[in-house]
2 protein chains.
Amino acid sequence: MVSVSNQEDAILSRLRGEGYKITPQRRAIVRAILSSDEYVTPELLLIKARQAFPSLGRVTVYRTLDILSQLGLLCTLHPEGHHPGYTLGRLDHHHHVVCSGCGRVSDFSEHGLEELEKRLSRETGFKIEGHILEFLGLCPQCQETNNEK
Amino acid sequence: MVSVSNQEDAILSRLRGEGYKITPQRRAIVRAILSSDEYVTPELLLIKARQAFPSLGRVTVYRTLDILSQLGLLCTLHPEGHHPGYTLGRLDHHHHVVCSGCGRVSDFSEHGLEELEKRLSRETGFKIEGHILEFLGLCPQCQETNNEK
DNA sequence: TACTAACTGAAACCATTTTTCATTTACTAT
DNA sequence: ATAGTAAATGAAAAATGGTTTCAGTTAGTA
């Protein structure tokens, strides 16, 4: 298992390797994403990262998200009925289950999609470039909370 | 095979059945979605539907999309790197392949996801409510066009 | 044909994201 | 250590995308 601080180091050194500077703002942003079980929206991320770096500007959040996204380090989530958001996850190909209650994200691997991809290529003639597979559901905690209501 | 005009009738009478009025604006909007192979964004839809009904207002497009969405008649698409959009498709559960070049949408069925859903419930404890599965790729036409460049 | 609830479109409004630009800072090479 | 430089920052303004409001219009009905 990879610890969060190792993940942080890995991401920061990747940034450094790509010629980006490691600023305290970026550190705070990366740490804020990593330190939450839930996925983040830009606004939420701003609030979280400001706890560590109060003068952080909104623009910097967007810019950092862009960079992380271009480097393929960010996963985008589209939970139905909620705002889209981001999570920084494992570097290998994987998918997510998002909690419709609290936004908590859980990862999983699924390798059965390659066959489906081939079938689709054959049937539709499309040259497949990628896919989204996301599940939406209630996490164990939110299931309990809702039952108590 | 179901023709587009039958689909149009089916949608309009569904609307009527739910107590909504059939206005020329709504007719134009529904027809505009159905008559394009590509998925539509609200803005694109406004332009297309105005060809049939020039004074159509932007608000009416959003309102109609809302209604169709609430009735479960609309499918939402999230093609990576593009704006999200909509398509009016088959009424049964299905998925989409979206062309990254022109936005053309193709449907497919996949029933292998139920097992995966069970596995996820078991492994993560989440109570699964739904999922998104979308493929992105180049349609046959766009593959040719790109090769000629 | 008259009635009424539903619908419409213009404008104002709001939230989110992008652009601009003057200032500051992380890193490199002395 | 320190100076130099490209990169990064944040405030403000602008753009984008979507929603609300409201007075006037219209589809469906009786």
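Only heavy atoms go into these numbers, but all of them, side chains included; no hydrogens, no water, no symmetry mates. In the text below, chain A, chain B and the rest are named by the order of the sequence lines, each starting its count at 1.
In this structure, D66(B) atom CG and dA6(C) atom C1' are separated by 16 Å, rounded to whole Å. The CG-P distance, from L12(B) to dG28(D), rounds to 10 Å in whole Å. Residue L65(A) contributes atom CG, which lies 14 Å from atom C1' of dT18(C) at whole-angstrom precision. In this structure, CG of L44(B) is placed 16 Å from C1' of dT16(D), rounded to the nearest angstrom. Distance I29(B) CD1 to dG9(C) C1': 12 Å, rounded to the nearest Å. Per the geometry, CZ belonging to R16(A) stands 14 Å off C1' belonging to dT28(C), to the nearest Å. I47(A) has its CD1 atom 14 Å from the C1' atom of dT16(C), to the nearest Å. If you take CZ of R26(A) and C1' of dT24(C), they are 14 Å apart, rounded to a whole angstrom.
Of the listed nucleotides (dG9(C), dA27(D), dC7(C)), dC7(C) has the atom at the smallest distance from the side chain of Y20(B). Residue T23(A) places its side chain closer to dA8(D) than to any other of dA8(D), dG28(D), dT19(C).
Counting atom types as modelled, R63(B) pairs no side-chain N or O with a base atom of dG18(D) as donor and acceptor under 3.5 Å.
Here R58(A) lies in heavy-atom contact (under 4.0 Å) with a base. P84(B) comes within 4.0 angstrom of no nucleic acid atom, judged by non-hydrogen atoms across all strands.
Mapping V59(B) and K21(B) onto DNA chain D by nearest heavy atom places V59(B) at the nucleotide closer to the 5' end.
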Next item on the list: Check the pair I29(B), L56(B) against side-chain contact (heavy atoms from CB on, under 4.5 Å), reporting the backbone distance first and the verdict last.
Entry: CA-CA 9 Å; I29(B) 291 170; L56(B) 180 66; 4.0 Å; yes
task: Go through R14(A) and E18(A) one step at a time and tell me if the salt bridge (charged side-chain N to carboxylate O under 4.0 Å, His left out) criterion holds.
output: CA-CA 6 Å; R14(A) 174 74 194 283; E18(A) 299 281 341; 3.2 Å; yes
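The backbone N or O of F126(B) sits less than 3.5 Å from a side-chain atom of T124(B), completing a donor-acceptor pair.
Contact annotation: Y62(B) side-chain N/O to dT19(D) OP1/OP2 distance is not under 4.0 Å. Contact annotation: Q25(B) side-chain N/O to dG9(C) OP1/OP2 distance is under 4.0 Å.
In this structure, CZ on R58(A) lies 6.5 Å from CZ on R50(A), to the nearest 0.5 angstrom.
Using a 4.0 Å cut-off between charged side-chain N and carboxylate O, E38(A) and R104(A) make no salt bridge.
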